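Report on one structure; see the data block that follows.
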Amino acid sequence: MSDNDYDAFAAAYDADNETNAWNAHYERPAILSLAGDVHGLRVLDAGCGGGAHAAILVERGAHLTGIDASAGLLEIAERRLDGRAHLLVGDLNEPLPFADGSFDLVVASLVMHYLPDWSCPLSEFHRLLSPNGRFVFSTHHPFMDHQLAGHENYFETYSFSDTWQRGGKTMTMRFWHRPLHAMFDALKTAGFRVETVREPQPDPRARDLSPDAYKSLTTEPRFIFFSTVKV
């Protein structure tokens, strides 16, 4: 199985994503809070996966388009959304098939750490956003990534791998660590102003559902969240 082969375990990944503390009770509520009121907005869910975020955004009144590199996860999203959003396969490392100013908000949930270079996707998001449009995203926290990777130099941008167990399968996942200053530099270069950075706490309900995960998430910043504005 190749690295990051989501098609090979799409159903198992999506089922786990629905309920685990890291996604359901930490990342998802935090990024949706940053997205704010989406009623009537044209929203691009970049890296939409199985559509968990997209379904909530649609319920809140967004006109949603989702794009993901995994056809398997998009099949799950299609079933979940049942025609309420426009979904297509696409690679965030390449130019996107949308006109300038097509969206008011771009949301990218836990996708940026898969990309070796942020310049193309950030440039595309900036192009696709309307004036004063927002780009909201979550990504692996660089301090925690560096600890997990065991790399000798935090200040380098480097790739590393981790092993996941989902649905009885073992998968190798490859990510890209970049230091915090490199994230800010890339956003500024692409024409975004950072308005909010958050290192949130998990939903209190996770305390009883997943005590070990709750303890970890309340003492270590696993992900980091940004709300930015096109300038």
Side-chain angles (χ1 to χ4, degrees), residues 4 6-7 10 13-14 17 23 27-36 38 41-60 62-78 80-81 84-130 132-140 173-176 178 183 186-187 189-198 223-230:
N4 302 342
Y6 274 100
D7 286 345
Y13 170 80
D14 184 71
N17 182 277
N23 296 97
E27 193 280 335
R28 198 173 303 139
I31 198 168
L32 290 171
S33 174
L34 271 185
V38 298
L41 297 185
R42 301 166 300 164
V43 178
L44 174 64
D45 188 349
C48 64
H53 296 76
I56 298 172
L57 291 166
V58 168
E59 289 170 3
R60 295 180 179 180
H63 304 294
L64 191 125
T65 298
I67 188 168
D68 200 275
S70 168
L73 286 173
L74 281 175
E75 288 180 9
I76 295 171
E78 290 276 11
R80 174 180 273 128
L81 290 157
R84 295 177 295 156
H86 176 52
L87 303 173
L88 68 160
V89 175
D91 186 345
L92 296 180
N93 294 298
E94 300 176 358
L96 299 176
F98 308 110
D100 296 1
S102 295
F103 301 101
D104 306 302
L105 173 68
V106 174
V107 175
S109 166
L110 299 180
V111 66
M112 300 301 287
H113 47 256
Y114 291 109
L115 307 178
D117 185 354
W118 282 15
S119 57
C120 178
L122 290 182
S123 176
E124 280 295 278
F125 296 158
H126 190 273
R127 178 183 69 81
L128 297 177
L129 282 168
S130 57
N132 299 313
R134 298 170 61 228
F135 171 45
V136 173
F137 70 101
S138 59
T139 190
H140 284 179
M173 307 304 295
R174 183 161 297 280
F175 309 110
W176 285 84
R178 49 184 40 81
M183 297 182 183
L187 290 164
T189 298
F192 288 101
R193 172 174 54 83
V194 176
E195 60 176 6
T196 304
V197 177
R198 289 185 184 170
F223 306 139
I224 190 166
F225 298 75
F226 293 81
S227 176
T228 72
V229 178
K230 174 178 178 176

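We number each residue from 1, following the sequence as shown. It should be emphasised that the depicted structure is a prediction, and the values quoted were computed from it without experimental measurement.
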Indicate yes or no: at least one non-hydrogen side-chain atom of Tyr114 is less than 4.5 angstrom from one of Met173.
yes
Determine, stepwise, if the pair Ser33 / Arg198 fulfils side chain to side chain contact (heavy atoms under 4.5 Å, CB included).
CA-CA 11 Å; Ser33 174; Arg198 289 185 184 170; 3.4 Å; yes
Between Lys230 (side chain only) and Phe192 (backbone N and O only), is there a donor and an acceptor less than 3.5 Å apart?
no
Can you find a heavy atom in the side chain of Leu105 that is under 4.5 Å from one in the side chain of Val107?
yes
Just by modelled atom types, is the Arg42 backbone N or O under 3.5 Å from a matching donor or acceptor in the Asp104 side chain?
yes
Please test Leu122 against Phe137 for side chain to side chain contact (heavy atoms under 4.5 Å, CB included), starting from the C-alpha separation and ending with a verdict.
CA-CA 11 Å; Leu122 290 182; Phe137 70 101; 5.7 Å; no
Would Asp117 and Ser119 count as having a side-chain donor-acceptor pair, cut-off 3.5 Å?
yes
Sub-3.5 Å donor-acceptor pair from the side chain of Arg28 to the main-chain atoms of Ala52, do we have one?
no
Heavy-atom closest pair, residues Ser109 and Ser138:
CA-OG, 3.5 Å
Compute whether any side-chain donor of one residue and acceptor of the other, for Glu195 and Thr228, lie under 3.5 angstrom apart.
no
Closer than 3.5 angstrom, by distance alone: can the side chain of Trp118 be matched with the main-chain N or O of Met112 as a donor-acceptor pair?
yes
So, the side chain of His63 versus the backbone of Leu41: is there a donor-acceptor pair under 3.5 Å, distance only?
no
According to the interplanar angle, ranging from 0 to 90°, do the rings of His113 and His140 count as parallel (below 30°), tilted (30 to 60°) or perpendicular (above 60°)?
parallel
Indicate every side-chain donor-acceptor pair of residues 91-102 with a distance under 3.5 Å to a residue at least two apart or in another chain.
{"residue": "Asp91", "atom": "OD1", "partner": "Asn93", "partner atom": "N", "Å": "2.8"}
{"residue": "Asp91", "atom": "OD1", "partner": "Asn93", "partner atom": "ND2", "Å": "3.1"}
{"residue": "Asp100", "atom": "OD1", "partner": "Arg127", "partner atom": "NH1", "Å": "2.7"}
{"residue": "Ser102", "atom": "OG", "partner": "Ala99", "partner atom": "N", "Å": "3.2"}
{"residue": "Ser102", "atom": "OG", "partner": "Ala99", "partner atom": "O", "Å": "2.5"}

To the nearest 0.5 Å, what is the distance between OG (Ser70) and CD1 (Ile76)?
7.5 Å
May I have the step-by-step check of side chain to side chain contact (heavy atoms under 4.5 Å, CB included) for Val136 and Val106, ending in yes or no?
CA-CA 6 Å; Val136 173; Val106 174; over 6 Å; no
What are the two closest heavy atoms between Leu87 and Leu74, and how far apart are they?
CB-CD2, 4.2 Å
Take Phe103 and Thr65 through the test side chain to side chain contact (heavy atoms under 4.5 Å, CB included) and record every step on the way to the result.
CA-CA 9 Å; Phe103 301 101; Thr65 298; 3.7 Å; yes
When rounded to the nearest 0.5 Å, the distance separating OG1 of Thr139 from CD1 of Ile224 is 9.0 Å
Output for pair (His86 NE2, Glu78 CD), nearest 0.5 Å, gives 9.5 Å
How far apart are the closest heavy atoms of Asp45 and His53, and which atoms are they?
OD2-CB, 4.0 Å
Which heavy-atom pair separates Asp68 from Cys48 by the least distance, and what is that distance?
OD2-N, 3.3 Å
If you measure from CG on Leu81 to CG on Leu57, what distance do you get to the nearest 0.5 Å?
9.5 Å
Could you report the tightest heavy-atom contact between Arg84 and Ala55, atom names first, then the distance?
NH2-CB, 4.4 Å
CD1/Ile67 to CG/Leu88 distance, rounded to the nearest 0.5 angstrom?
4.5 Å
Whether Phe223 and Phe225 hold their rings parallel, tilted or perpendicular, with breakpoints at 30° and 60°:
perpendicular
Ignoring hydrogens, what is the shortest heavy-atom contact between Arg178 and Pro116? Give both atom names and the distance.
NH2-O, 3.0 Å
Using atom types as modelled and distance alone, determine if a side-chain donor or acceptor of Arg134 lies under 3.5 Å from a backbone N or O of Ala35.
yes
Is any side-chain heavy atom of Leu187 closer than 4.5 Å to a side-chain heavy atom of Arg193?
no
